[in-house]
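These notes concern the structure reproduced below.
For reference, positions follow the sequence shown, starting with 1.
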Amino acid sequence: MKPVRATACSNIALVKYWGKRTGVPAELNLPAVGSLSMTLDALRTETELCPASADAFWLDGQLVADEQATKVWRHLDRMWSAAGGKGSRPRAEVRSVNHFPTAAGLASSASGFAALTMAAAGAFEADLSAQALSSLARQGSGSAARSIFGGFVRLDRGEAADGSDCRARPIAGADHWPLALLVVQTTAGRKPLGSTSGMEQCRETSPYYPAWVGTSEADLDAAESALLARDLLALGRVVEHSCFKMHACMMATDPPILYWNPTTVAAVQAVWQARAEGEPGFVTIDAGPHVKVLCERARAEALRERLAAVPGVRDVLVATPGPDATVGPLPEASA
Ligand code: DP6
């Protein structure tokens with residue numbers, strides 16, 4: 001096993017993944033719907049993996065020993081068998097750092113599992129294609145499958161029972177279109193309900209879930225076409241439609257799931273107001289209270305200023321399309 005350092009950027013889903021396929025092995029973590037994302041340069045995770053006498057997982061300088069660590073060890077076991085490793089997996093020290101300009105509530109499993117996948121592949125000297133790495137990352141966390149690639153990425157749902165046609169594919173590079181994503185922070189806390197449980201609750205109790213799943217493929221095709229045509233208006237419409245359908249589906253669960261706070265709504269309304277005044281931005285919201293705004297890079301500063309002035313907004317950071325995930329040897333000084 002070689003000491004390595006891997007880097008992966010987080011991503012924002014422009015067309016959302018929400019829900020898991022049933023009737024297939026849960027271990028594969030196959031999505032019920034495809035998704036389409038932009039990898040974000042400003043939200044980056046760096047993960048070092050070194051041989052050790054016992055497993056230890058450090059996240060942002062803190063030793064972690066809860067279910068998060070269990071997921072890390074399970075993922076390393078998965079990577080060890082994918083690498084063709086014989087016998088038990090070597091023990092490892094994992095040091096992961098989220099280089100996010102502001103930490104609060106933005107840390108994502110997407111960049112985390114993508115970086116861990118790259119690191120493990122490097123450390124175990126696995127000869128795997130980017131496609132295979134992406135599928136392995138998906139088993140750690142669905143959104144991580146997209147973070148293996150830079151630029152704009154589509155993750156196909158697929159139909160095969162073994163998940164072999166659930167694939168992430170880059171549809172345009174980071175330099176395809178100078179877009180920006182503003183991350184509008186509306187609170188400092190962590191989200192109360194994780195995505196995995198939220199998705200299951202939707203599938204089990206939301207009457208809107210079948211409609212959510214049934215309309216997703218059309219959104220993906222519309223978003224891909226708009227992206228390739230660099231048509232912000234067309235892309236933005238799908239982005240907002242996908243986001244609000246997902247949240248409507250969540251709100252209709254029993255008990256309801258509402259990730260928003262009053263500042264979330266105020267920020268959405270500020271974006272719509274700006275748009276009415278000729279400053280085009282389009283909102284999306286994940287399983288949390290922050291608002292993400294898609295716009296052209298040239299308009300990002302003007303929109304950032306407007307959003308920073310919304311009462312309750314703590315910070316606004318600007319991200320642009322980011323690069324592929326990478327892995328390399330650990331520099332001497334750190335090894
Ligand atoms: C709302 O990838 O965190 O951000 O596969 O259960 O780990 P698991 O879920 P996760 O879900 C992401 C949900 C989302 C939308 C998206 O990123 O597509």
Does anything in residues 296-310 pair up under side-chain hydrogen bond (donor to acceptor under 3.5 Å, both in side chains), and if so which pairs, sequence neighbours excluded?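 Counting only pairs at least two positions apart or across chains, the side-chain hydrogen bond (donor to acceptor under 3.5 Å, both in side chains) contacts touching residues 296-310 are Glu277-Arg306, Glu279-Arg299, Glu301-Arg304.
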
Do any pairs count as a side-chain hydrogen bond (donor to acceptor under 3.5 Å, both in side chains) and have a residue in residues 116-128, sequence neighbours left out, and if so which ones?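 Residue pairs with at least one partner in residues 116-128: His75-Thr117.
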
Is [Y] close to [X] at the side-chain level, that is, under 4.5 Å between some pair of heavy atoms?
| X | Y | answer |
| --- | --- | --- |
| Val94 | Asp55 | no |
| Leu179 | Phe152 | yes |
| Val239 | Lys292 | no |
| Thr263 | Thr187 | no |
| Arg230 | His176 | yes |
| Val268 | Ile285 | yes |
| Leu182 | Val271 | no |
| Pro31 | Cys166 | yes |

If you compare all heavy atoms of [X] against all heavy atoms of [Y], which two are closest, and at what distance to 0.1 Å?
| X | Y | result |
| --- | --- | --- |
| Phe149 | Ser134 | CE1-CB, 3.9 Å |
| Val291 | Ala267 | CG2-CB, 3.9 Å |
| Pro321 | Ala174 | CB-O, 3.5 Å |
| Glu240 | Val283 | OE2-N, 2.8 Å |
| Asp41 | Arg44 | O-CB, 4.3 Å |
| Ala92 | Met1 | CB-CE, 3.6 Å |

If I take atom [atom1] from residue [X] and atom [atom2] from residue [Y], how far apart are they, to the nearest 0.5 angstrom?
| X | Y | atom1 | atom2 | value |
| --- | --- | --- | --- | --- |
| Ser96 | Trp58 | OG | CH2 | 13.5 Å |
| Leu14 | Asp219 | CG | CG | 11.5 Å |
| Tyr259 | His290 | OH | NE2 | 12.5 Å |
| Lys20 | Ser195 | NZ | OG | 8.0 Å |
| Ile257 | Cys249 | CD1 | SG | 8.5 Å |
| Met250 | Thr205 | CE | OG1 | 12.0 Å |

Single-linkage hydrophobic cluster, 4.5 Å side-chain cutoff, [X] and [Y] together:
| X | Y | result |
| --- | --- | --- |
| Phe113 | Trp18 | no |
| Val97 | Leu49 | no |
| Met79 | Leu330 | no |
| Leu227 | Leu155 | no |
| Leu28 | Val33 | no |

Stepwise side chain to side chain contact (heavy atoms under 4.5 Å, CB included) check, Thr284 with Lys16: CA-CA 9 Å; Thr284 186; Lys16 303 293 188 196; 2.8 Å; yes

Tell me, with the steps shown, if Leu220 and Glu224 meet side chain to side chain contact (heavy atoms under 4.5 Å, CB included). CA-CA 6 Å; Leu220 285 162; Glu224 181 169 349; over 6 Å; no

Would you say the side-chain atoms of [X] pair up with the backbone N or O of [Y], donor to acceptor, closer than 3.5 Å?
| X | Y | value |
| --- | --- | --- |
| Asp324 | Gly150 | yes |
| Glu204 | Thr253 | no |
| Thr39 | Cys9 | no |
| Thr70 | Asp66 | yes |
| Arg275 | Gly281 | yes |
| Asp315 | Gln185 | no |
| Asn29 | Gly140 | no |
| Gln131 | Ala168 | yes |
| Ser147 | Ala8 | no |
| Thr215 | Ala211 | yes |

Run the side chain to side chain contact (heavy atoms under 4.5 Å, CB included) check on Trp260 and Met251 step by step: do they pass? CA-CA 10 Å; Trp260 307 350; Met251 287 178 209; 3.4 Å; yes

Given the rule in the side chain to side chain contact (heavy atoms under 4.5 Å, CB included) test, do Arg21 and Arg157 qualify, once you have shown the distances and angles that lead to the verdict? CA-CA 9 Å; Arg21 268 175 74 184; Arg157 172 195 189 272; 3.6 Å; yes

[X] and [Y]: side chain donor to acceptor below 3.5 Å:
| X | Y | result |
| --- | --- | --- |
| Ser216 | Lys245 | no |
| Thr45 | Ser111 | yes |
| Asn261 | Thr186 | yes |

Please evaluate residues Arg146 and Ser35 with respect to the criterion side chain to side chain donor-acceptor pair (under 3.5 Å), reporting the C-alpha separation (whole Å), side-chain torsions for both, the decisive distance (0.1 Å), and the verdict. CA-CA 9 Å; Arg146 303 183 307 239; Ser35 51; 2.8 Å; yes

Carboxylate-amine/guanidinium proximity below 4.0 Å for Arg78 and Glu27: yes

Going by an N to O cut-off under 4.0 Å, is there a salt bridge joining Asp156 and Arg167? no

Fit a plane to each ring of Trp272 and Phe244, take the angle between them on a 0 to 90° scale, and name the class: parallel (under 30°), tilted (30 to 60°) or perpendicular (over 60°). tilted

Quick one: do Arg237 and Asp231 satisfy salt bridge (charged side-chain N to carboxylate O under 4.0 Å, His left out)? Show the steps, please. CA-CA 10 Å; Arg237 277 179 65 179; Asp231 183 342; over 6 Å; no

